[in-house]
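Scroll down for the structure; my scribbles are underneath it.
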Amino acid sequence: MKEKTVTIPFARFERLEQLAAVLESIKESVVITDRHRRIIYANPGAERMLGYSRGEMAGKSSSRIFEGIPGNPPHLADFVEEKADAAGWEGEIFNRRKDGRIFPVALTVSPVLDREGAVVGYVGISHDITRLKEYEAARRRETERIEAEVIRRTEELAGATEKLAAQQARLDAILSGVAEGVVVINSDYVIEFMNRMLVEWYGERTGQKCHQAFFGRKTPCPVCGVKEVIEGGKDFFRFETTDRRKRHYEVVATPLVEPSGRRRIIEISRDITVRKKTESLVREKNLQLTEINQELKRLLRVKSEFLSLISHELKSPLTVIKGYLKLLSDKQLGALGSDQEEGLRAALTETEHLEYLINQFLDIAQLETGKYELVKKEFDVRPLIRDCIRTVKESVPSQKIRFRIAVGKDAGIINADKNKIRQVFRNLLENSVKFSPEGGTITVRGERREDSALFVVEDQGVGLAPRDQVKVFERFYQVSSPLTVKHGGLGLGLSIVKNIINLHDGEIWLESGPGKGTRACFTIPV
Amino acid sequence: MNDKPAGGILIIDDDRKISNLLRLYLEKKGFKVSVVLEPEEAEKEIYLQKPELIFLDYRMSPLTGKDLLEKIRIRGNDAPVIMMSAYRRRDGDMEMKRLGALAYLSKPFDFGEIESLLKKIFPRR
């Protein structure tokens, strides 16, 4: 085909040159083809973008460069040409460099028309939009991430809101259910919240000043939770107060701090009117008890003085009576006829019995006031037992009773008040003698146990009913039997013995049965 | 200490009947006995008579036997003293020992006990 020669005027030529210079310098790729898509011009921008030199591109079909690239629609060249023929086309497609790398471009294809308006070629201007696409992708990813985050947060918020609502419901239930009054007061002393209990006590007072609502005061109270917690900065303030209805409360005020730093207080009030009344009653009773205690102490003192008086006032005449009877009956004051002698001996015996009873009475009184202090020391109890047996024997010379001692050396040494232990053995032996039959045997046994010494005074007497075995330790208790009537006494002996053993932290008990004799057993801790 | 009872025994007790009883008993035993019924006079009599043994009542008025014993001990008199009292023996024992009494004799008297005390104090009599 013969090429047509075109003559261009100079001014126009100059303009063309300027245009060419522009084409040569711009970043974009500009490719011009004839109407058969054969490349007739490619600027340096196209060389840079596609990696081909102009020489390599000249005469080549432009469509071969981007046809068949994955991502582009099939028959793209035909489609573009069709569109471009009409009004030009612009869009985004993928292109391929000489080295095979595929990249996105924004492509504008415009038809080149001759004077008659017939398409003689195409101008394709393309721009590498790899960076733009990357940026868009990044933006898309970021948008997706944000959207996902928004969804997650929204769900979280929904969950939290639900939880908060449940908590609020629970809190409401607690606040309205508690027996304490709960109130929230702000720094201006204005009540912002009252729970049900408080409303029951005072009626609805929200919005009023607390001192007015609860105490009928125009100014804040002298002792005030708001002052202490909000102004004084205390974390905890507890006080007691009495309201205008004269009821007493124990109040605990704590701060309620908002994230903004605004402070309010929450006061929890417990009605302690009943407790206060009880306390006052207890105080009153305590006072009474103190008075009673003082009276008891006075009575104890009186008792002690009385004992002292008895000691002196009864024993002084007894000393004179007993002394002269003894001197008389011992014939130190002259010879006696047999009747006189018998009479004096009887009088002396009875006087001695009277002395014994007075001593018993004083013993029990002294032991029971708890004033008796033991004088403990370690000693061998066996000579003491022998001594007691001798004395008891002497007091009943007519009675034929055998005595036996079975106390081992290991049990014999005890740490106790010797005189009191003598009294114990004397009492127990005298009791056994009283209830022993003629010719009977009384045995004193002793054995060492793990942490105590056990002693037993055993007789073959009439024995005791189970009921009496406990009762005999009570003061003035007398077993009802003909023998008791015969022997008399105050019924204090075993009570004294029990007191002495208890003072030693020991134990005492009886083992017996009617007709089986009696075993009086006691322990002394070692 | 002189074993002869000639220096005598002094009974200090404001109860005349008891003092007389004890004097009678002791005189029958062959002792020379004096009695002081007023405790205020007792100290003077102790210094005048220089007794070899004193029977001293615990409970007297206005001066108690305990006060008197303390007084004479402070002044250096170490005559043997038997303290007498209607109180129970146990209460007195410790205190009497502290005050330097030789023995504690409870009322009503047990003459056997007095006799053994006398034998202890005057062993060769």
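Distance check, rounded to the nearest 0.5 Å: NZ of B/Lys28 to CG of A/Leu333 gives 5.5 Å. We find the CG-NZ distance between B/Leu21 and A/Lys322 to be 10.5 Å, quoted to the nearest 0.5 Å. Between the CG atom of B/Leu24 and the CG atom of A/Leu327 there is a distance of 5.5 Å, given to the nearest 0.5 Å. Between A/Lys326 atom NZ and B/Tyr25 atom OH the span is 9.5 Å, to the nearest 0.5 Å.
Considering every non-hydrogen atom in both B/Lys107 and A/Lys315, the closest pair reads O-CD, 3.4 Å. Closest approach of B/Asp15 to A/Ser316, counting heavy atoms only: OD2-CB, 3.8 Å.
More than 12 heavy-atom neighbours from other residues, nucleotides or ligands sit within 6.0 angstrom of OH on B/Tyr47. Enclosure of atom NZ in A/Lys400 is not indicated, since only 12 or fewer non-hydrogen atoms of other residues, nucleotides or ligands lie within 6.0 angstrom. The number of heavy-atom neighbours closer than 6.0 Å to CD of A/Glu313, taken from other residues, nucleotides and ligands shown, is above 12. Atom CD of A/Glu507 has 12 or fewer heavy atoms from other residues, nucleotides or ligands within 6.0 Å.
For chain A, the nearby part of B/Phe111 is the side chain; its heavy atoms alone come within less than 4.5 Å. The part of A/Glu355 that comes within reach of chain B is its side chain, from C-beta onward, which places non-hydrogen atoms under 4.5 angstrom from that chain.
Residues that satisfy the side-chain contact (heavy atoms from CB on, under 4.5 Å) test with B/Leu37, not counting sequence neighbours, are B/Arg16, B/Ser19, B/Val35. Judged as a salt bridge (Lys or Arg N to Asp or Glu O under 4.0 Å), and not counting sequence neighbours, A/Lys498 has no contacts.
When each of A/Ile321, A/Val320, A/Thr319 is tested with B/Lys17 by the rule side-chain contact (heavy atoms from CB on, under 4.5 Å), just one qualifies, namely A/Val320.
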